[in-house]
Asker: 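What follows is a structure written as structure tokens; I'll ask about it next.
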Number of protein chains: 2
Amino acid sequence: MTRYSKQTRILVAVDCIIFGFDGELLKLLLIQRGFEPEKNKWSLMGGFIEPNEGPEEAASRILKQLTGLEGVYMEQMDVFGEPKRDPIERTISITYFAFIDINKYEQQLSEEYHAEWFPLKKTPKLIFDHEAMVEMAKEKLKYKAALHPILFELLPEKFTIPQIQTLYENVYDTILDKRNFSRKLLSTGLLIRQNEKDKENSKKGAYFYRLDSSIYKDKFQAFLNFIPNPQALNS
Amino acid sequence: MTRYSKQTRILVAVDCIIFGFDGELLKLLLIQRGFEPEKNKWSLMGGFIEPNEGPEEAASRILKQLTGLEGVYMEQMDVFGEPKRDPIERTISITYFAFIDINKYEQQLSEEYHAEWFPLKKTPKLIFDHEAMVEMAKEKLKYKAALHPILFELLPEKFTIPQIQTLYENVYDTILDKRNFSRKLLSTGLLIRQNEKDKENSKKGAYFYRLDSSIYKDKFQAFLNFIPNPQALNS
DNA sequence: ATATTAAGTGTTTTGTTGACGCTTATAAAT
DNA sequence: ATTTATAAGCGTCAACAAAACACTTAATAT
């Protein structure tokens, strides 16, 4: 016996929801689809799984094609498998969401794909069920970021506390008290203050911090209760 | 254009990790696989996705075949897609974990599949990567149950507080203080006390409760911090 | 010199959590 | 009939964490 006979074989794709943060707004990386159907429409970055790669590998490959980046934080989200979601042929899509440091994003590579960053609140119409994927990713982002320090993956190596507060305020669409925020953030012990200051955004300047990678892994689990009102969370 | 040419089509299966609770131990429902390869070995309940069903539908169908139950709490877990995970032919498996009220389980149906409940700590060797699936499900169960009231899905309509405490103690492999536990549980407002008592398990008898389904949905999100030490959690 | 802007630190009040002790209902044993 | 054993159920207190809130500081621009 070499095959399971009588079973239907299906196309399997991966689609990546790629988040970035430019210091002001949380953004989504989208491409203009290069082939029919829906050619030139806005779409998530995706592709079919190849014969000798697992889904994660496929997602990493695709992410690298678009951004030039490797070793990016990525997480499996959900499988979208409605029989008719792709009008051409049944395709199951495994979705991943990924966080990249927008500063490391290599624009030249992206031109091949006509990629563009969109503020999360101003995303264009997307093909197929990609809008549902983005919605789910936003919800999952809120959920996860309230419990774990994943948002650091969106920041450059050196960042300031006001920067990261802005990021949180973006994700939760709320205003946070800077005193409570910084106290909570610093109490995790995850941050190491640098001597330099960021003078770009204020006269006084804000201290740069970097992650203490030695304890980042351990603390990853125990980062609970970061956002005051858990009621606002979904999923 | 009617097909995406040149792409490889793959078998897609679903596998269900089915939890049950008999009032004393948390258990897993396993079957003896009915076909080659690995015929008669212990396995999760699974099957291939059919042409006109989505993955969730497939999982529901399979769950019904095994347990006779419909409308069961079920959640997508993870995709297992290592190219060589099935030695016969590449198969991607979408896993679901499900909670059923073990009392509703219809044993007669199961005989077709040689199904059996195993205490979570005494599971047999499983085929392929099913043990990894079970491990992941156990972790996800711990994680999720600390944040949301999902464990009620494992209990009958009427249950007592000592019962549910035992369930939590099973999941987290720990002993909880009954006074703090019941205070926390009742403070959610999710439970409605009945007049009857369960006299099976003690002389004094414990009040039956049932879920207030009108607020169960709302409270579902805001059930945080249920287990004292979040450090023990993973994933 | 003075005004302006955002960074950064401190305090008080309130609510939540965990540790712990006592009473109550009932069946079984004497 | 009284006592004993067992688990249910209620209550208190102390420690801690969270949220609300106000002032000082550094540096540039006027």
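Values reported hereafter were calculated over all heavy atoms of this structure, with side chains retained and with hydrogens, waters and symmetry mates removed. By convention in this document, chain letters (A, B, ...) are assigned in the order of the sequence lines, proteins followed by strands, and residues within each chain are numbered from 1.
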Asker: Please tabulate, one pair per line, all N/O donor-acceptor pairs under 3.5 Å involving side-chain atoms of residues 200-210 of chain B, not counting sequence neighbours.
Answerer:
| from | atom 1 | to | atom 2 | distance (Å) |
| --- | --- | --- | --- | --- |
| B:N201 | ND2 | B:D198 | OD2 | 2.9 |
| B:S202 | OG | B:G205 | N | 2.8 |

Asker: Listing time: all N or O pairs from protein to nucleotides 5-7 of chain C that are below 3.5 Å?
Answerer:
| from | atom 1 | to | atom 2 | distance (Å) |
| --- | --- | --- | --- | --- |
| C:dA7 | O3' | A:G205 | O | 3.4 |
| C:dA7 | N7 | A:K178 | NZ | 2.8 |
| C:dA7 | N3 | A:K204 | NZ | 2.9 |

Asker: Calculate the interatomic distance between B:Y209 atom OH and D:dG9 atom P; express it in whole Å.
Answerer: 6 Å
Asker: Check the distance between D:dA20's P and A:K184's NZ and give it to me in whole angstrom.
Answerer: 11 Å
Asker: Is there a donor-acceptor pair closer than 3.5 Å between any side-chain N or O of B:T67 and the backbone N or O of B:K64?
Answerer: no
Asker: Does A:N180 or A:K199 map to a spot on DNA chain D nearer the 5' end, using the closest nucleotide for each?
Answerer: A:N180
Asker: Nearest whole Å is fine: how far is D:dC10 C1' from B:L185 CG?
Answerer: 15 Å
Asker: Is it the case that the side chain of B:H130 and the backbone of B:L44 share a donor-acceptor pair, with hydrogens and angles ignored and the cut-off at 3.5 Å?
Answerer: yes
Asker: A side-chain contact here means heavy atoms from C-beta on lying under 4.5 Å apart; do A:W42 and A:F118 qualify?
Answerer: yes
Asker: Whether A:K140 and A:D78 form a salt bridge (side-chain N of Lys/Arg under 4.0 Å from carboxylate O of Asp/Glu) is what I want to check.
Answerer: no
Asker: Specify the separation, in whole Å, of atom CZ of B:R183 and atom C1' of C:dT16.
Answerer: 8 Å
Asker: Any donor and acceptor pair, going by atom type alone, linking the side chain of A:E131 with main-chain N or O of A:L126 inside 3.5 Å?
Answerer: yes
Asker: How many Å lie between CG on B:D198 and P on C:dA25, as a whole number?
Answerer: 18 Å
Asker: Please give, in whole Å, the distance from D:dA8 C1' to B:F208 CZ?
Answerer: 14 Å
Asker: How close or far is atom P of D:dG9 from atom CD of B:Q165, stated in whole angstroms?
Answerer: 11 Å
Asker: Round to the nearest Å and state the distance from A:I175 atom CD1 to D:dA19 atom P.
Answerer: 16 Å
Asker: Select from A:R193 and B:R179 the residue whose nearest nucleotide in DNA chain C is closer to the 5' end of that strand.
Answerer: A:R193
